[in-house]
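See structure below.
Order of the sequence lines fixes the chain letters, A, B, ..., with proteins taken first and strands second; residue numbering starts at 1 for each chain. Here the structure is a predicted model, which means the values were calculated and not measured.
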Amino acid sequence: MNNSPYIRQPASVQTVMLKVLLALLPGIGAYVWLFGAGVLVNLAIASAAALAGEALMLKARGRPLDIYLADLSAVVTAWLIVLTFPPIVPWWLTVAATLFAIVIVKQLYGGLGQNPFNPAMAAYAIMIVAFPALISQWPHSGLDFATQLDLIRGGSRNIDAITGATPLDALRTGLRQAVTPMTVQQVIAGGPAFGVLGGKGWEWIAGCYLLGGLWLWQQRVITWHLPLAFLAGIAVFAGALWGIDPGAFASPLFHLVSGGTLLGAFFIVTDPVSGATTPRGKLIFAVGVALITVIIRTFGAYPDGIAFAVLLMNICVPLIDMKTQPPVFGHKDD
Amino acid sequence: MLTALLVMSLGAVVLGAALGWAAIRFKVEGDPLVDKIDAILPQTQCGQCGHPGCRPYATAIAKGEADINQCPPGGEEGIRKLADLLGREFKPLNAEHGVEKPKSVAVIDEVTCIGCTLCIQACPVDAIVGAAKQMHTVVAPLCTGCELCLPPCPVNCITMEPIGESVETWKWKYPVVRIKAAA
Amino acid sequence: MGKLFDFHGGVKPQTHKQHSTREPIAVAPLPDLLVVPLHQSIGGTPHPLVQAGESVMKGQRIGAADGNVSAAVHAPTSGQVIAVEPRVMTHTSGLPMLSVVIESDGEEAWVAPEPVNYRSTPPDEIRDQLRDAGVVGLGGAVFPSHLKLNAGKDMPMTLVLNGAECEPYITCDDMLMRERAQDIVRGGRIMRDMLGAGQVLIGIEDNKPEAAAAMRAAVAALGEDMRVIVVPTRYPAGGAKQLIRSLTGIEVPHSKRSTDFGVQCFNVGTAYAIHQAIDLGRPLISRIVTVSGNVERPRNYEVLFGTPMSHLLQLAGAKPDTDRTLMGGPMMGYLMPNPDVPVVKATNCVIAGSRALFPPSPPEMPCIRCTACVEVCPADLQPHEMYWFARARNFGKAQEYHLFDCIECGCCAYVCPSHIPLVDYYRFAKTEIWAREREKEAADQARARFEFRNLREERDQQEKTAKLAAKTAASRQTAEKRVAPKPSAIADARPAAIEAAHAEGTVASAPALSVDPKKALIEAAIERARKQREAIAPKNTENLSEAQKAEIAEIEARRAKIREMAKTHDEDASK
């Protein structure tokens with residue numbers, strides 16, 4: 001017989017993860033609406049691979065399958081991987097990334113709650129290093145489902161016909177042309193990838209992620225600290241550069257709605273397991289991610305830096321937590 | 001070539017000096033090893049380890065003359081702590097020196113006691129009071145349970161009684177990690 | 001109306017208070033047998049003042065306070081003491097403690113009450129009166145009240161009366177305030193004057209409007225200057241530290257007394273008990289107890305200490321599927337070892353539990369560091385970090401993360417999505433740390449005594465040698481002066497003889513010169529004891545199992561070894 005408290009709030013890891021998945025649905029809906037149903041196929045593949053990998057590892061580690069599979073944490077990881085990859089990556093890439101995340105980054109470190117690194121971001125980082133081309137081929141918005149399916153099945157790629165640079169990519173290539181560097185305005189005006197605020201279509205998806213994230217906050221699954229500090233950090237650091245030279249650096253608003261910023265703010269930076277836990281620690285962690293992200297986006301070789309930024313800050317988490325212990329009741333003046 | 005050598009050796013000197021300075025500047029004043037070992041030992045002073053008291057045993061361990069698994073009252077936990085401190089491998093208690101027993105205190109059967117004072121002389125922590133031809137008694141809170149008073153007693157009137165748990169000393173158990181709910 | 005301060009965290013569980021407030025407080029019928037544990041408060045265990053066979057009056061002191069940090073215990077009714085023996089205590093451990101078992105005679109014959117006029121009595125005497133009346137904090141902490149009633153030294157004091165009662169199910173303070181508000185205010189008056197408090201604040205949660213109204217009316221009727229302050233309902237608003245913060249903004253850290261910050265907090269039930277003890281001269285022998293949970297008729301009863309909980313459960317009609325008895329509420333309450341344990345001063349509530357009412361918690365999952373526990377912790381702790389260290393038995397680290405600031409309110413475990421029994425880990429770590437501290441203290445003491453003993457023996461040895469040397473020198477001088485020693489100087493001559501023997505190169509031992517009278521005496525005593533022992537044949541030695549025999553042999557062998565060792569050690573020492 002257990003001890004007090006004898007009553008509990010009806011909360012569980014499963015409901016937490018389920019809420020995260022639900023909060024992703026508006027974004028996925030917009031994704032499908034604007035870019036076709038290919039992403040759904042990838043989500044299915046990744047979910048299956050994640051659950052299979054998790055089951056295998058749980059069995060090997062002698063853990064009960066039912067409760068740990070039902071906690072849905074593997075599915076969350078799988079979905080985040082898919083949403084950060086282009087929707088037309090071949091199926092084996094999705095499977096490899098998911099298995100890497102689940103088997104190596106999560107389970108080999110001790111499973112749920114034990115992984116020091118964000119599994120989805122670790123998988124993304126590995127894959128972008130291993131298959132840089134495949135990870136940077138983003139389709140045009142009008143690509144039909146049959147072609148997407150063919151590409152996912154591993155069909156041959158006539159790259160130029162189906163893909164275009166993402167806004168962040170276009171910006172990078174445009175600004176760094178050796179012969180005639182363009183200004184930000186020139187790149188945006190001339191590029192087909194750009195919409196009103198950020199990437200064409202992508203800005204709507206980002207908006208939907210924002211909606212889902214706000215719902216998570218309202219549901220008390222996440223606290224305001226991480227998303228707000230991350231977005232503010234992006235705005236401040238991008239804004240500082242933009243203030244120096246609006247021609248050479250993109251506006252903070254552009255940074256906020258481009259790439260994975262909003263997905264990252266509400267679904268990636270907020271990963272509790274590998275993130276900081278003290279209120280001040282959360283702020284430092286998120287601002288750190290924002291700073292590294294802006295630096296990689298502006299000066300680095302990769303189109304988006306969130307994954308690397310998150311992994312780098314993951315390393316600092318124990319130190320951040322240790323140094324930011326909040327004062328305890330009655331000891332606030334100590 | 002020469003510059004490279006110079007730079008490397010200069011670097012080595014600078015770093016070495018820095019390390020040396022740090023070693024002096026941030027020197028950790030630690031207890032001598034014997035004190036640290038002695039702090040882990042249970043201070044029963046029972047001699048089961050083959051040494052006349054805890055401190056002599058601590059000295060012997062520090063010198064490498066005795067092994068860390070010779071203290072039955074310290075038990076497995078004590079050996080683990082010693083292993084941690086000395087960076088050695090844990091090994092089970094050496095049965096030659098005895099077995100781990102529940103903590104006990106000596107109790108003198110006051111009817112049988114003849115007042116010979118031999119137990120008083122044997123007690124390493126002066127936990128027995130009495131005088132010649134007077135009945136003796138054990139001051140229970142001071143008794144370490146070393147059993148050294150048992151052999152000298154000419155009338156075998158001393159027994160060891162395990163200390164029971166009381167409401168004050170009762171401990172909450174380590175929570176059982178239930179992976180599956182009991183149906 | 002003063003400004004209300006907010007405390008961090010807290011949760012809002014279902015209160016279930018409406019069940020037990022429908023009926024007024026009833027007096028629980030007298031049980032046939034009362035078991036009164038002597039240890040019912042923080043501090044020393046009172047000494048029994050009665051023996052089996054004695055008859056006692058209602059309110060007669062049966063346990064005297066052990067020192068000042070203790071409180072007396074009284075006979076809850078008149079009758080006969082049938083035993084003073086260890087009985088299973090009202091404690092989760094189920095361990096026995098010395099209790100006085102009283103068979104009631106049904107007369108309820110009181111001892112003569114000794115009321116005290118608190119205005120004309122020195123505070124020291126009032127404090128003694130309270131100690132001897134057994135008044136302790138009735139909010140659950142059972143800290144002796146007289147220790148908290150010292151006048152503030154250099155700052156104006158604030159007296160806080162705690163009627164917040166935030167735990168679900170419990171309504172004993174609520175009902176007491178509704179029905180006996182004036183007596184609470186009278187008790188508060190005594191405390192205020194003893195503390196020299198400038199203001200009196202009565203904190204009541206806003207889900208008890210009737211109690212707040214009754215208290216306001218009582219304060220007005222008695223013309224006292226006390227403020228009834230309604231605080232928002234949020235568990236644990238009734239924790240002493242949380243209520244003090246809510247009402248005054250002062251945070252009292254762990255290990256500090258609230259007096260040092262100019263505040264003192266008492267439960268309203270304690271105020272009532274103080275009024276009874278001082279104004280009426282009646283010791284604390286009963287209290288209001290909520291009986292609720294899985295029962296047909298939840299209600300508050302005035303219960304004599306020593307009444308078995310099962311008696312109350314029967315009164316309230318415990319339903320057949322009741323499978324456990326809790327003392328206290330569902331957030332902080334304790335599981336009782338059986339339903340027959342007695343009601344004690346700490347018993348504010350008895351809850352009949354069942355699987356349906358308190359379903360077993362779902363399987364424990366790993367911590368996902370979601371910080372839901374941090375959000376609700378009223379002590380501003382990092383519960384997930386403390387859990388991590390307690391689980392790894394890293395007690396030093398757990399303490400660094402302020403384990404002992406934890407008030408075990410259970411909010412963290414209440415919200416944990418991984419269903420980790422967090423409070424259990426903290427309780428485990430706390431008692432482990434206390435045990436280690438006790439062990440360490442004992443070891444330090446043993447070391448000091450051992451070292452002192454060694455020092456003493458060495459000193460004795462040195463003194464003996466010095467004496468011997470002096471004597472030898474003296475006798476040599478005499479020997480040189482006189483050709484032959486006088487017969488009367490035999491004792492003096494002994495060392496000289498040894499000297500001589502050494503000089504001649506022959507081996508002679510000193511004791512051989514004369515039979516040691518001490519040794520002879522010991523021999524005689526041993527002989528006597530042996531005869532005595534032979535007369536009383538040892539029991540239980542016939543039917544020994546092989547294992548027992550082996551154990552005996554082993555112990556004998558060890559004794560022999562130790563004897564051997566002691567001998568060699570002695571020899572080493574004398575070398």
Given side chains that start at C-beta, do those of [X] and [Y] come closer than 4.5 Å, heavy atoms only?
X        : Y        : result
A:Thr98  : A:Thr77  : no
A:Arg280 : A:Pro326 : no
C:Cys406 : C:Met386 : yes
A:Ile268 : A:Val289 : no
A:Tyr124 : A:Val310 : no

- [ ] Report the residues that fulfil salt bridge (charged side-chain N to carboxylate O under 4.0 Å, His left out) with C:Asp340, sequence neighbours left out, ordered by chain and then residue number.
- [x]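 In terms of salt bridge (charged side-chain N to carboxylate O under 4.0 Å, His left out), with neighbours along the sequence ignored, C:Asp340 is linked to no residue.
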Write out, in numerical order, the residues from residues 246-255 of chain C with a heavy atom short of 4.5 Å from a heavy atom in chain A.
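So far as heavy atoms go, C:Glu251, C:Val252, C:Pro253, C:His254 are the residues that approach chain A to under 4.5 Å.
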Tell me whether [X] contacts the main-chain N or O of [Y] through its side chain, where contact means a donor paired with an acceptor under 3.5 Å.
X        : Y        : answer
C:Arg234 : C:Gly9   : yes
A:Ser4   : C:Pro330 : no
C:Ser258 : C:Val263 : yes

So which part of [X] gets closer than 4.5 Å to some heavy atom of chain A, the side chain, the backbone, both or neither?
X        : value
C:Pro378 : backbone
C:Glu408 : neither
C:His8   : neither
C:Thr371 : side chain
C:Ile407 : neither
C:Ile351 : neither
C:Lys241 : both
C:His419 : both

*asked:* Within a 6.0 Å radius of atom CH2 on C:Trp388, are there more than 12 heavy atoms belonging to other residues, nucleotides or ligands?
replied: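 Atom CH2 in C:Trp388 is not packed in, count stays at 12 or less.
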Checklist line | Atom CZ of C:Phe261 with >12 non-hydrogen neighbours under 6.0 angstrom | finding: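 It does: C:Phe261 CZ has more than 12 such atoms within range.
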Which atoms of [X] are under 4.5 Å from chain C, going by heavy atoms: the side chain, the backbone, both sets, or neither?
X        : result
A:Gln14  : neither
A:Val273 : both
A:Ser73  : neither
A:Pro10  : neither

Apply ring pair (Phe, Tyr, Trp, His ring centres under 6.0 Å) to residues C:Phe428 and C:Phe395 and explain how you reach the verdict.
CA-CA 10 Å; C:Phe428 157 74; C:Phe395 301 123; 5.8 Å; yes
key: Those residues of residues 48-61 of chain A, ordered by number, that approach chain C below 4.5 Å (heavy atom to heavy atom)   =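 Residues in range: none.
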Residues of residues 314-324 of chain A contacting chain C, heavy-atom criterion under 4.5 Å, by residue number: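 Interface residues of residues 314-324 of chain A: A:Val317, A:Asp321, A:Met322.
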- [ ] Name the orientation class of the two ring planes belonging to C:His19 and C:Tyr169 (parallel below 30°, tilted from 30 to 60°, perpendicular beyond 60°).
- [x]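 Correct class here is tilted.
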Polar contact flag, side-chain donor to acceptor under 3.5 angstrom, C:His16-C:Ser292
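The answer is no; no qualifying pair exists.
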If we count only N and O atoms by modelled type, under 3.5 Å, do the side chains of C:Ser20 and C:Thr290 hold a donor and an acceptor together?
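Side-chain D/A pair, C:Ser20 to C:Thr290: absent.
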Open item on the list: Looking at chain A, which one of C:Val374, C:Leu357, C:Leu326, C:Leu422 has the largest number of heavy-atom pairs inside 4.5 Å, strictly under?
Closed with: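 The candidate making the most pairs under 4.5 Å is C:Leu326.
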(Q) Heavy-atom pairs under 4.5 Å with chain A: which of C:Gly333, C:Cys370, C:Cys411 has the most? (A)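 Most pairs with chain A among the choices: C:Gly333.
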Inset, instruction - Give a yes or no on whether the ring-centroid distance for C:Tyr401 and C:Tyr387 is below 6.0 angstrom. - result: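 No: the rings miss the under 6.0 Å criterion.
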Only one of C:Cys373, C:Cys416, C:Ser418 passes side-chain contact (heavy atoms from CB on, under 4.5 Å) with C:His384; say which it is.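 Single pass found, and it is C:Cys373.
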Open item on the list: Evaluate A:Val20 against A:Trp79 for side-chain contact (heavy atoms from CB on, under 4.5 Å), listing each step before the verdict.
Closed with: CA-CA 10 Å; A:Val20 174; A:Trp79 284 25; over 6 Å; no
- [ ] Evaluate the criterion side-chain contact (heavy atoms from CB on, under 4.5 Å) for residue pair A:Leu43 and A:Ile28; output intermediate values, then yes/no.
- [x] CA-CA 10 Å; A:Leu43 286 175; A:Ile28 294 172; 3.8 Å; yes
Supply the atom-to-atom distance A:Leu210 CG to A:Leu231 CG, rounded to the nearest 0.5 angstrom.
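Rounded to the nearest 0.5 Å, the CG-CG separation comes out at 8.0 Å.
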